Amino acid sequence: MNDLARACNVVFRLRLPATSANLGPGFDAAAVALDFYLEIEAEPASEFSIAATGRNQERCSRIENNLILETYKGLLQSHGRPVVPLAIRMANDIPLAMGCGSSAAGRLAAIALAVYLANWIGAPSASSKRPAFWKATQTIPRHAGWAGFVACASEGRQVHVVRVIPPAAWRAIAVLPAQPLPTSKARALLPAEYSRADVVANIQSVALLGLAIAQARGDLLRIAMKDRIHQPFRAPICPFLPRLLPLAGNQGILGVALSGAGPAVLVIVGSEDSLMPASTAIRGALEGLPEPELVVCHLLSAGASQCFEALRA
């Protein structure tokens, strides 16, 4: 059986969680995974197709300008690998353009599919000189497993990652407005330079944030999630944020931050028992604004999963 025939007998299954990045002061450096997911099942086909269910079903079903397909095709083409069309079945529970990691999940799904298709089709032998593509992607499955509270730092093209498991009792409420917000628009609001005082304040907060989560110090989150780098500049186009920030420290709410680039806001509470009073406080603080959607979730200790199985003949 040749490589392409073997590939056509394989089904790829992926499950990727939502993520909330920044967490206040951890701009582009910290995140947590949340327990709502993008789930994908894909197999080689004669042409590309997507059958989507869940959130943003119409947009997820598009073939043209689809983030997953464009990333998948681009990665294979840029490394000289054949682009095998895929029939994709998708169940999506991550709202698009809300700051909950939909783009990150989509890109990671595309990378995982490209890597494993490339390994099935014409992968170089162990004795051959492996091109950069193979070396660069060998660690992707391990990175896909990260969850919990994750902090990272870049060194050239290498990313160093460390994580701690959040306290099991803590819960999160993602507060979603009706209208999405493109990340590019949110980034365009950020200044090119910051004062030393603002930078130092954020360094202090993010150092405290990592230790507060590691030591289950919920009493410190109100201070540790304060930010002076991105939230003040994004608040004008994320109207939930200024209303919800003052809730930190009240009604069981440990900390409040913009989720990713927004417009969603992440509210962390100390226990299951705090969810009801926290939700009531959130709705009260947003009175007069369009009704929010509150998504109650866990802070995950396990990340993405994937499996690749032979189809029955």
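Quick note: residue numbers are just sequence positions, from 1. Bear in mind that the values here come from a model prediction, so they are computed numbers and not experimental data.
Using a 4.0 Å cut-off between a side-chain N of Lys or Arg and a carboxylate O of Asp or Glu, Arg55 and Glu293 qualify as a salt bridge.
Residues Asn202 and Ser205 bring no donor and acceptor atom of their side chains to less than 3.5 Å of each other.
Cluster annotation: Leu14 and Leu96 are assigned to distinct hydrophobic clusters (Ile/Leu/Val/Met/Phe/Trp/Tyr, side-chain heavy-atom contacts under 4.5 Å, transitive). Clustering ILVMFWY residues whenever any of their side-chain heavy atoms sit less than 4.5 angstrom apart, transitively, puts Val32 in the very cluster that holds Trp170. A chain of hydrophobic side-chain contacts below 4.5 Å, direct or via other Ile, Leu, Val, Met, Phe, Trp or Tyr residues, connects Val267 to Val296. Put simply, Leu181 and Met98 are part of two different groups of oily side chains (I, L, V, M, F, W, Y) that touch within less than 4.5 Å, one to the next. With hydrophobic clusters built from ILVMFWY side chains whose heavy atoms lie under 4.5 angstrom apart, Leu211 does not share a cluster with Val164.
Within the 4.5 Å cutoff, the side chain of Asn22 has heavy atoms near those of the His230 side chain. The closest side-chain heavy-atom distance from Ile111 to Tyr72 is not below 4.5 Å. Side-chain contact between Ile40 and Arg13 is absent, with no heavy atoms from C-beta onward closer than 4.5 Å. Contact annotation: the side chain of Asn66 never approaches that of Phe48 to less than 4.5 Å [non-hydrogen atoms, C-beta and beyond]. Under the 4.5 Å side-chain criterion, counting only non-hydrogen atoms from C-beta, Asp93 is not in contact with Tyr37. Inter-residue side-chain proximity for Leu275 and Asp273 is flagged as unmet; no heavy-atom pair is nearer than 4.5 Å. Annotation: side chain of Phe36 is in contact with side chain of Cys297 (closest heavy-atom distance under 4.5 Å). Taking the side chain as every heavy atom from C-beta outward, Glu39 and Met90 never approach each other to under 4.5 Å.
Distance check: Cys152 SG to Gln158 CD gives 12.5 Å after rounding to the nearest 0.5 Å. With rounding to the nearest 0.5 Å, the separation of CD1 in Ile253 from CZ in Arg222 is 13.0 Å. Remark: Leu75 CG to Leu113 CG distance equals 10.5 Å, nearest 0.5 Å. For the atom pair CD1 (Ile213) and CG (Leu23), the distance works out to 6.0 Å, reported to the nearest 0.5 Å. The SG atom of Cys238 sits 6.5 Å away from atom CG of Leu241, with the distance rounded to the nearest 0.5 Å. How far CZ of Phe240 is from CG of Leu176: 8.5 Å, rounded to the nearest 0.5 Å.
Counting only distance, with no hydrogens or angles, the side chain of Arg157 and the backbone of Ser154 share no donor-acceptor pair below 3.5 Å. With hydrogens and angles disregarded, no donor-acceptor distance shorter than 3.5 Å links the side chain of Arg81 to the backbone of Ala114. Using a distance-only test at 3.5 Å, with no hydrogens or angles considered, a donor-acceptor pair links the side chain of Asp227 to the main chain of Gln231. No side-chain donor-acceptor contact under 3.5 Å links Thr71 to the backbone of Ile68. Of the possible polar contacts, one joining the Ser259 side chain to the Gly99 backbone as a donor-acceptor pair under 3.5 Å is found.
The two residues Ala33 and Thr19 have their closest heavy-atom pair at CA-CG2, 4.2 Å. The two atoms that bring Ala261 and Arg234 nearest to each other are CA-NH1, 3.6 Å, heavy atoms only. Heavy-atom minimum distance, Pro95 versus Asn56: CA-OD1, 3.7 Å. Scanning all heavy atoms of the two residues, the minimum distance from Val175 to Pro292 falls at CG1-CB, 3.8 Å. Of all non-hydrogen atoms in Ile165 and Arg163, the two that sit nearest each other are CD1-NH1, 3.6 Å. The two residues Leu190 and Ala186 come nearest to each other via the heavy atoms CG-O, 4.0 Å.
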>> Could you go through Arg243 and Glu287, starting from their C-alpha distance and side-chain angles, then the distance that decides it, and tell me whether this counts as salt bridge (Lys or Arg N to Asp or Glu O under 4.0 Å)?
In response: CA-CA 9 Å; Arg243 297 277 194 102; Glu287 187 175 357; over 6 Å; no

>> Before you tell me yes or no, could you show the steps for Glu41 and Ile88 under side chain to side chain contact (heavy atoms under 4.5 Å, CB included), namely the whole-Å CA-CA distance, both residues' side-chain angles and the distance that decides it to 0.1 Å?
In response: CA-CA 6 Å; Glu41 184 175 281; Ile88 295 175; over 6 Å; no

>> Between Asp28 and Arg187, does the salt bridge (Lys or Arg N to Asp or Glu O under 4.0 Å) criterion hold? Intermediate values first, please.
In response: CA-CA 11 Å; Asp28 280 0; Arg187 280 200 177 269; 2.7 Å; yes

>> Show, in sequence, the C-alpha distance, side-chain angles and deciding distance for Val150 and Val162, and conclude whether the side chain to side chain contact (heavy atoms under 4.5 Å, CB included) test is met.
In response: CA-CA 6 Å; Val150 178; Val162 67; over 6 Å; no

> Between Ile173 and Val265, is a side chain to side chain contact (heavy atoms under 4.5 Å, CB included) present by the stated rule, with each step listed?
Replying inline: CA-CA 8 Å; Ile173 304 173; Val265 174; over 6 Å; no

>> One pair to check against side chain to side chain contact (heavy atoms under 4.5 Å, CB included): Asn65 and Arg62. What are the steps and the verdict?
In response: CA-CA 7 Å; Asn65 298 318; Arg62 295 176 187 169; over 6 Å; no

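Applying side-chain contact (heavy atoms from CB on, under 4.5 Å) to Leu244 and the options Leu258, Val256, Leu266 leaves one that passes, Val256. Of the candidates Asn92, Leu108, Ile94, Leu108 is the only one forming a side-chain contact (heavy atoms from CB on, under 4.5 Å) with Leu16.
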